[in-house]
Engineer: 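A single structure is presented below for examination.
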Amino acid sequence: MNEEGCIPHNSDVVKQKSIDQRAPLPGEPKCVICSRYGEYICDETNDDVCSLECKQTLLRRVDKATVFPATDECFYVRDPGSSFPDAQLLRRKLDIHVQGQEATVPPPVLTFASCGLPPKLLLNLETAGYDFPTPIQMQAIPAALSGNSLLASADTGSGKTASFLVPIISRCTTYRSEHPSDQRNPLAMVLAPTRELCVQIENQAKVLGKGLPFKTALVVGGDPMSGQLYRIQQGVELIIGTPGRVVDLLVKHAIELDNIMTFVLDEVDCMLQRGFRDLVMQIFQALSQPQVLLFSATVSREVEKVGGSLAKEIILVSIGNPNKPNKAVNQLAIWVDAKQKKQKLFDILRSQNHFKPPAVVYVSSRVGADLLANAITVVTGVKALSIHGEKPMKERRDVMGSFLGGDVPVLVSTGVLGRGVDLLVVRQVIVFDMPSTIKEYIHVIGRASRMGEKGTAILFVNEEDRNLFPDLVAALKSSGAAIPKELINLTSKEMHNKKRRVGY
Ligand SMILES: Nc1ncnc2c1ncn2[C@@H]1O[C@H](COP(=O)(O)OP(=O)(O)OP(=O)(O)O)[C@@H](O)[C@H]1O
């Protein structure tokens with residue numbers, strides 16, 4: 001045994017770094033952290049590890065989740081019918097909450113390697129830089145893999161997309177290998193509210209499903225339906241689409257949906273709102289009782305109720321306190337009269353101290369987005385473009401390309417980029433017009449931070465946002481943000497008036 005407590009399987013010098021280790025040969029042990037060759041055994045946990053680096057990582061993780069006698073894998077493979085005292089402890093440590101038929105939910109995993117995923121999928125996760133699962137992935141992936149229907153909520157930017165894509169890819173791959181002579185009908189469907197979000201989900205699915213029998217079809221408005229139909233007819237595993245276009249496709253063409261095993265609503269609270277809800281239900285009715293996976297950073301009792309009606313037994317999974325702004329986003333609320341908002345924005349964009357490009361400015365109207373982008377460019381000289389639902393798909397793609405490619409430092413957007421989109425380069429969001437609900441506000445400012453990276457959100461607030469004052473004050477307070485005195489005064493006045501009205 002060496003001093004680090006690893007027992008080398010052979011007499012070589014112990015590998016220091018994971019990168020120094022080779023890939024495992026068939027049948028060889030795999031490192032529980034990085035899936036390379038598990039040449040050594042970690043004394044403290046009995047896990048296979050490839051190097052000192054992964055051993056340290058393993059011990060840090062296990063320590064964080066309290067010291068357990070063996071790997072998370074050993075929790076994962078236990079009989080799901082039994083009770084999981086250790087799982088409970090692990091969940092408490094990781095702030096994971098599970099409600100519903102808990103006994104049917106496997107415990108959280110600490111590594112992707114513990115989930116029994118196809119080796120190619122593990123490799124794709126590693127190539128994508130997904131070294132460890134995030135807390136929502138730790139719980140949602142094993143739960144979804146074992147067939148549970150879920151309503152899952154976790155912070156914006158915390159990796160919810162992979163939480164449903166990984167089980168989908170894994171289950172589709174297994175199905176195809178077990179039914180090689182079946183027709184290649186779709187096996188899973190993901191619905192999301194905007195085209196940009198669907199494009200992003202498809203891109204991520206392609207990255208994670210690379211090299212596997214896993215094809216995707218994007219079904220969104222703005223692109224010709226004939227191409228989308230052709231692709232599905234050629235055989236795909238996953239359809240990703242917006243509800244309107246998917247219904248259109250189903251009404252006009254016969255598509256075989258009987259094999260759909262998993263149905264996902266990303267941004268579920270938005271998908272179950274008026275406008276989308278009937279379309280979503282129409283699509284759901286065409287399926288044969290699939291597993292249902294519902295995800296959002298914000299959920300309400302109403303969503304829980306409707307979500308529950310889609311699946312026989314739905315498990316609620318949440319991380320931390322749901323419906324709260326992401327703590328990594330530093331919120332700066334500024335009281336600005338409506339007439340002064342433009343000038344204030346120009347001042348910020350001219351200030352080296354305050355402007356942190358690339359930045360997204362959120363407004364409430366399509367015309368407003370076009371006008372404001374133009375005004376920013378003319379008045380400040382800072383190049384700005386706009387994006388909204390009325391622009392053709394090609395222009396929306398071009399605008400996103402220019403912004404994310406670094407050619408344009410400011411993007412003025414309506415709610416089309418308010419939810420789900422992963423604007424990796426963005427660290428500043430300016431909320432020029434307050435959204436109509438505090439939940440939308442939480443999603444909008446969430447664009448300023450991914451995976452816990454620090455970001456800032458500047459928020460313009462004034463009397464026009466009166467309806468949101470109590471919720472906004474609570475949201476700012478919960479994040480420890482300063483609250484403008486006008487907002488405090490008017491909120492307490494509102495509350496006082498309400499009490500008096502109730503008193504009469
Ligand atoms: N385990 C992981 N390791 C490293 N990066 C990850 C991991 N999981 C996800 N990511 C990356 O983190 C970013 C945020 O993930 P994602 O878009 O899925 O967040 P989200 O929870 O869906 O956010 P939102 O609520 O805003 O939609 C993405 O760039 C994604 O590629």
Side-chain angles (χ1 to χ4, degrees), residues 112 115 117-130 133-134 136-137 140-141 144-145 150 152 154 157-177 184-220 223 227-243 245-246 249 255 257 259-268 271 283 287 290-296 393 397 400 404 419-424 450-451:
F112 289 115
C115 297
L117 302 173
K120 188 76 183 87
L121 175 52
L122 277 178
L123 198 66
N124 291 344
L125 284 161
E126 190 187 336
T127 311
Y130 289 24
T134 64
I136 185 67
Q137 293 165 356
I141 291 176
L145 279 171
L150 306 175
S158 63
K160 293 187 288 297
T161 316
S163 303
F164 58 79
L165 284 180
V166 169
I168 285 180
I169 297 170
S170 178
R171 294 190 78 194
C172 288
T173 307
T174 308
Y175 185 91
R176 289 291 184 232
S177 69
R184 215 164 160 185
N185 292 326
L187 299 176
M189 182 185 281
V190 175
L191 299 180
T194 63
R195 297 171 196 179
E196 278 72 17
L197 184 49
C198 288
V199 169
Q200 179 186 298
I201 294 170
E202 193 197 28
N203 287 340
Q204 202 172 342
K206 281 181 172 159
V207 167
L208 298 179
K210 203 171 156 201
L212 289 162
F214 184 76
K215 284 203 170 137
T216 57
L218 184 66
V219 181
V220 298
D223 284 338
Q228 299 170 353
L229 180 65
Y230 178 75
R231 197 170 163 78
I232 295 173
Q233 285 167 342
Q234 292 306 296
V236 297
E237 278 64 44
L238 172 63
I239 293 178
I240 299 151
T242 45
R245 175 53 71 94
V246 172
L249 191 77
I255 294 177
L257 297 179
N259 291 2
I260 297 268
M261 308 184 279
T262 305
F263 178 65
V264 179
L265 295 179
D266 195 14
E267 309 297 341
V268 58
M271 302 299 280
I283 298 165
L287 311 179
Q291 172 190 37
V292 174
L293 303 179
L294 312 173
F295 281 82
S296 181
M393 194 61 190
R397 280 200 174 106
M400 289 300 283
L404 296 174
R419 275 176 175 258
V421 282
D422 187 32
L423 306 169
L424 271 180
R450 308 269 91 193
M451 295 289 291

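All figures in this text were calculated on a predicted structure; none of them were measured in a lab.
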Engineer: For a quick test of reading the model, state the closest non-hydrogen atom pair linking Ala217 to Arg231 and the distance between them.
Structural biologist: CA-NE, 4.0 Å
Engineer: Can you check side-chain contact (heavy atoms from CB on, under 4.5 Å) on Val219 and Ile232, steps first, answer last?
Structural biologist: CA-CA 9 Å; Val219 181; Ile232 295 173; 4.0 Å; yes
Engineer: Looking only at atom types and distance, does a side-chain atom of Lys160 sit under 3.5 Å from a main-chain N or O of Ile136, one as donor and one as acceptor?
Structural biologist: no
Engineer: Heavy-atom distance under 4.5 Å between the side chains of Arg176 and Arg184, does that happen here?
Structural biologist: yes
Engineer: Does a side-chain N-to-carboxylate-O contact under 4.0 Å join Asp422 and Arg450?
Structural biologist: yes
Engineer: Which distance, rounded to the nearest 0.5 Å, do you find between the CD of Gln200 and the OG1 of Thr161?
Structural biologist: 6.0 Å
Engineer: For the side-chain contact (heavy atoms from CB on, under 4.5 Å) test, which of Leu218, Val190, Leu165 pairs with Glu202?
Structural biologist: Leu218
Engineer: Under 4.5 Å between any side-chain heavy atoms of Leu229 and Ile255, yes or no?
Structural biologist: yes
Engineer: Please name all residues satisfying side chain to side chain contact (heavy atoms under 4.5 Å, CB included) with Lys210, sequence neighbours left out, ordered by chain then number.
Structural biologist: Asn124
Engineer: How would you list, by chain and number, every residue that makes a side chain to side chain contact (heavy atoms under 4.5 Å, CB included) with Pro193, sequence neighbours excluded?
Structural biologist: Leu197, Glu267, Cys270, Met271, Phe276
Engineer: Run the side-chain contact (heavy atoms from CB on, under 4.5 Å) check on Ile168 and Phe214 step by step: do they pass?
Structural biologist: CA-CA 10 Å; Ile168 285 180; Phe214 184 76; 4.0 Å; yes
Engineer: Is the shortest side-chain heavy-atom distance between Leu117 and Leu145 below 4.5 Å?
Structural biologist: yes
Engineer: What pairs with Phe164 under ring pair (Phe, Tyr, Trp, His ring centres under 6.0 Å), at least two apart in sequence or on another chain?
Structural biologist: Phe295
Engineer: Decide yes or no for Val199 and Arg397: does some side-chain heavy atom of the first lie under 4.5 Å from some side-chain heavy atom of the second?
Structural biologist: yes
Engineer: Hey, are the side chains of Asn259 and Leu187 touching, using non-hydrogen atoms and a 4.5 Å cut-off?
Structural biologist: yes
Engineer: With side chains defined as the heavy atoms from C-beta onward, is the minimum distance between Val166 and Gln137 less than 4.5 Å?
Structural biologist: no
Engineer: Would you call Met189 and Ile283 a side-chain contact if the rule is heavy atoms closer than 4.5 Å?
Structural biologist: yes
Engineer: For Ser158 and Thr134, which heavy atoms make the closest approach, and how far apart are they?
Structural biologist: O-OG1, 2.9 Å
Engineer: Got a second to check how far Asn185's CG is from Glu237's CD, nearest 0.5 Å?
Structural biologist: 10.0 Å
Engineer: Give the C-alpha distance, both sets of side-chain angles, the deciding distance and a yes or no for side-chain contact (heavy atoms from CB on, under 4.5 Å) between Thr216 and Val236.
Structural biologist: CA-CA 5 Å; Thr216 57; Val236 297; 6.0 Å; no
Engineer: Tell me whether the count of non-hydrogen atoms from other residues, nucleotides or ligands lying under 6.0 Å of NZ in Lys215 goes above 12.
Structural biologist: no
Engineer: Would you give the length of the straight line joining atom CG of Asn203 to atom CG of Leu208, rounded to the nearest 0.5 angstrom?
Structural biologist: 11.0 Å
Engineer: Where do Gly209 and Ile169 come nearest, in terms of heavy atoms and distance?
Structural biologist: N-CD1, 3.8 Å
Engineer: What is the minimum heavy-atom distance between Ala128 and Val207, and which atoms define it?
Structural biologist: CB-CG1, 4.2 Å
Engineer: Do Phe112 and Leu121 touch side chain to side chain, with heavy atoms closer than 4.5 Å?
Structural biologist: no
Engineer: What distance do Arg171 atom CZ and Thr174 atom OG1 have between them, rounded to the nearest 0.5 Å?
Structural biologist: 8.5 Å
Engineer: Between Cys198 and Ile240, what is the shortest heavy-atom contact and its length?
Structural biologist: O-CG2, 3.7 Å
Engineer: Looking only at heavy atoms, which two atoms of Ala140 and Ser163 are closest? And how far apart?
Structural biologist: CB-CB, 4.0 Å
